[in-house]
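Sequential numbering from 1 along the given sequence is applied to the chain's residues.
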Amino acid sequence: MSSFRRDFITKPIFSWARGVLPSMSDTEREALEAGDVWWDADLFAGNPDWSKLLNQAPAVLTAEETAFLNGAVDELCVMLDDWKINWEWRDLPPEVWDFIKQKKFFGMIIPKEHGGLGFSPYAHSEVVRKLSSRSLAAAVTVMVPNSLGPGELLMRFGTKEQQARWLPRLADGRDIPCFGLTSPEAGSDAASMIDSGVICKGNFEGKEVLGLRLNWHKRYITLGPVATLLGLAFKAYDPDHLAGNVDELGITVALIPTDLPGVSIGHRHLPAMQVFQNGPNWGKDVFIPMDYIVGGQERLGQGWKMLMTALAAGRGISLPSLSAAGAAYAARTTGAYARIREQFGISISKFEGIEEPLARIAGTAYLLDGARRLTCAALNEGRHPAVISGIMKLQATERMRIAIDDAMDIHGGKAVIDGPQNYLGSLYRSVPVGITVEGANILTRNLIVFGQGAIRAHPYLLLEMNALGEQDRAKGLDAFDDAFWKHVGHSVVTLFRAFGRSWTGGMFAPAPDAGDATRFYRQLSRYSSAFALCADMALLTLGGALKRKEMLSARFGDILSELYLLSAALKRWQDEGRQAADFAALEWCMASGFRTIESRFAEILANLPNRFVAVILKLVVQPFGARVLGPSDRVVHECAQLVLEPSAARDRLTPDLSHVDDDRGVARLEKAFLLVTGAEEISKRMRAAHLHDWQEAVKRGVITQAEGEQFKAAHEAVAKVIEVDDFAPEALSPIYKKPNVRQFFQELGEQRAAS
């Protein structure tokens, strides 16, 4: 029976599919094969196993990691003056660079046997998170050597000799690393790079050896201006067949000491007024021996796969950590500012127009940190979830942008006027950097999340594609027959599953017993089955053309992203003990996410080219249309309240940020927040008596002398927070120091005074 099916039913389908399947480049295949799948595969299958998610061990710190976070990291935070770093020094001061090296911040991920700290991905994430809330320049400086770079690549792919030589030097800061991938000709499309390495014989350290002669031009390279060891991606060529029989070997990765002849380090870039070290570099006829290739000569041409594998982990840590910290920082500062700032005689936090963006900031902070922790838990176990890392980088940086915009709107002029007292300006300016680096978000959303996820996370699609690409036609047909009919069975089951869950509103969809959150699991089970069905139908009707339907792909990617992020929020709720006080944040996340999911389904069904299939799918998965409108006014109000009063809930929402008592910026804000909330009852009695002068209130017996002084302290603290910086003209520009310019403005002042 199976041979009859294969020969008379499957074979024509196999032949047709081989003819229409678009060719896949080596770089595309290597990107697809990089990393692995995890919870994304459950979501793509349409029937997530919630016990798998809830049984996932949460990410935790070891005692040593906790001590480092509360010791060296806090010490470093005290040393950082973000205003001076950005506007006076334009760099980290020498003592900070020395401290970073001395305490092995550059070697957090390097194993102890090579002189590093041997920390977990979660510890790496926590360090970046805390530093980000104090100084972005310091956070980026620390995160880059511990993310995609020479250290990560050496640990995964380096030879033992390379590891023994370079890792100890990277761990203790004797070498500062950077990685050169982006070039003027090739940004997101790294395969277009023209940087080259030609295999030849040359003299190196007095001996003739086999090696490569390199020529390159890279830009946007973080730590490039100060790096002593450059990780370099280039295309390797072997025209004389000195290493084999292939002329073009493909993308290769090598280590380049920056003091080699022919290496040129350019001046610094200034990325959105952020002063972390970043700049271009060049190489002209730079000769390196074969053992400078990461992994040795046998790794020639394997660089792209190596980079994608390393990126699968790195993208899930650094920028998501910075973004989660940014959202939490915005929640803590904006909640405090809204609480103490008054307009029209009342706190602006009482206005519903303020509550809405404030709830959005708080909900985003809850969501992103839940996703960060869940992703780190997977990374701690040695997983390299490529699709999830892409989701995290994309969604974390985009949502941070929204949270920071909201924070700026609520702060108004306080956040617009720059100076030492402005605790939001630097974060606001940095947002485009996170959006752009490690893969542009537009590309990631439109091509990668669903494009890569559909192949990697789908239970059968990659098996079918591999079978279609098999050189041995008979072997390929057998493999395709097995995978194809399993796929058909899966699709039929998914069709009925999606139909039943959609028409019942998910009422009977599987869910764990999670108290008040049980209904949210049911809805995610419902949406997961609908997503799996719609994705299958889009792939069936569009085939390889779906790759070019970027707007459709982006919408599918948005749904997959929401499914993952909302799963992470539920996991956080569970891991934190189902805190009733935090439920409003969870509820806000779910309502907002469900609205996005339903909107994207409606957009997909309205734009799917095969209209017959679109109509059938609408009847199956969205028979009553997109009905979720987002968080109710009650949920918005309750979520906003989480950051408006000192509480354990506020601390859980904004944990592990840097708190430096320097009587500036955030320190002043926190002090005023505590004083204002502590004096709330005093203020109420004075308002009820229609009094504004605390001394008069004391005279009339409305409040006591001690209460009056408490009210006064709160009032003065608020005034210090609200004030903004101003500068003498000569402090802002050197032109004012020129005698003729100074005389001009003096005369102008005299004319104004006379008039």
Side-chain angles (χ1 to χ4, degrees), residues 69-70 77 126 129-130 132-134 323-342 347-352 354-373 399-400 402-404 406-407 410-411 414-415 423-424 427 569 572-589 592 631 634-661 665-681 683 714 717-718 721:
L69 197 68
N70 296 331
C77 287
E126 286 287 287
R129 176 185 169 84
K130 181 172 278 192
S132 297
S133 64
R134 182 64 178 171
S323 299
Y329 181 86
R332 193 167 186 93
T333 56
T334 309
Y337 187 79
R339 181 67 179 79
I340 69 170
R341 186 72 167 107
E342 291 189 356
S347 166
I348 65 171
S349 65
K350 303 294 184 184
F351 295 106
E352 290 189 355
I354 297 295
E355 284 187 337
E356 187 173 13
L358 198 57
R360 190 159 49 238
I361 297 170
T364 299
Y366 188 88
L367 184 75
L368 291 187
D369 212 49
R372 178 186 71 94
R373 295 182 200 178
R399 290 169 194 248
M400 175 183 67
I402 295 170
I404 301 307
D406 283 335
I410 292 173
H411 278 81
K414 170 65 181 175
Y423 44 80
L424 278 176
L427 182 57
R572 176 178 182 175
W573 164 258
Q574 181 74 17
D575 288 346
E576 291 186 334
R578 303 183 189 175
Q579 298 290 334
D582 302 352
F583 190 72
L586 180 67
E587 213 172 359
W588 185 94
C589 294
S592 298
R634 173 193 62 79
V635 171
V636 167
H637 171 75
E638 291 178 1
C639 189
Q641 297 307 305
L642 290 174
V643 292
L644 293 174
E645 299 290 340
S647 66
R650 180 174 182 258
D651 291 339
R652 281 192 298 272
L653 188 69
T654 60
D656 302 321
L657 302 178
S658 173
H659 297 282
V660 178
D661 187 9
V666 177
R668 285 187 179 183
L669 177 64
E670 285 285 331
K671 179 181 177 181
F673 177 67
L674 294 174
L675 287 171
V676 167
T677 53
E680 175 65 19
E681 289 302 317
S683 299
V718 169
V721 169

Check your understanding: Is any NZ, NE, NH1 or NH2 atom of the basic residue among Glu342 and Lys350 found under 4.0 Å from an Asp or Glu carboxylate oxygen of the other?
Key ->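 Salt bridge flag = no for Lys350 with Glu342.
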Check your understanding: Hey, is Asp575 close enough to Arg572 for a salt bridge, meaning N to O under 4.0 Å?
Key ->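 Looking at Arg572 together with Asp575, the answer is no, because their closest N to O distance does not fall below 4.0 Å.
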Practice item. Tell me whether the centres of the aromatic rings in Phe583 and Trp573 are closer together than 6.0 Å. Key: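 Yes, ring centres under 6.0 Å apart.
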Considering all heavy atoms of both residues, which atom of [X] and which atom of [Y] are nearest to each other, and what is their separation?
| X | Y | result |
| --- | --- | --- |
| Val643 | Ala362 | CG1-CB, 4.3 Å |
| Pro357 | Ile410 | CG-CD1, 3.9 Å |
| Ala327 | Thr364 | CB-CG2, 4.2 Å |

Mark yes or no for whether [X], through its side chain, and [Y], through its backbone, hold a donor-acceptor pair below 3.5 Å.
| X | Y | answer |
| --- | --- | --- |
| Lys414 | Val721 | yes |
| Arg129 | Pro655 | yes |
| Ser592 | Cys589 | no |
| Arg341 | His411 | no |
| Tyr337 | Ala407 | no |

Review point. Can Arg134 and Ser658 be said to form a side chain to side chain donor-acceptor pair (under 3.5 Å), step by step?
Key: CA-CA 6 Å; Arg134 182 64 178 171; Ser658 173; 4.8 Å; no
Point to revise | Asp651 CG: over 12 foreign heavy atoms closer than 6.0 Å | key: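 Buried by this count: over 12 neighbours within 6.0 Å.
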Check your understanding: Above 12 or not: heavy atoms from other molecules or residues under 6.0 Å from CD of Glu670?
Key ->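 Count over threshold, so yes.
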Exercise for review: Report yes or no: is the cationic atom of Arg339 (NZ for Lys, CZ for Arg) under 6.0 Å from the centre of the six-membered ring of Phe673, at an angle within 45° of the ring normal?
Suggested key: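 Not flagged: Arg339 not positioned over aromatic ring of Phe673.
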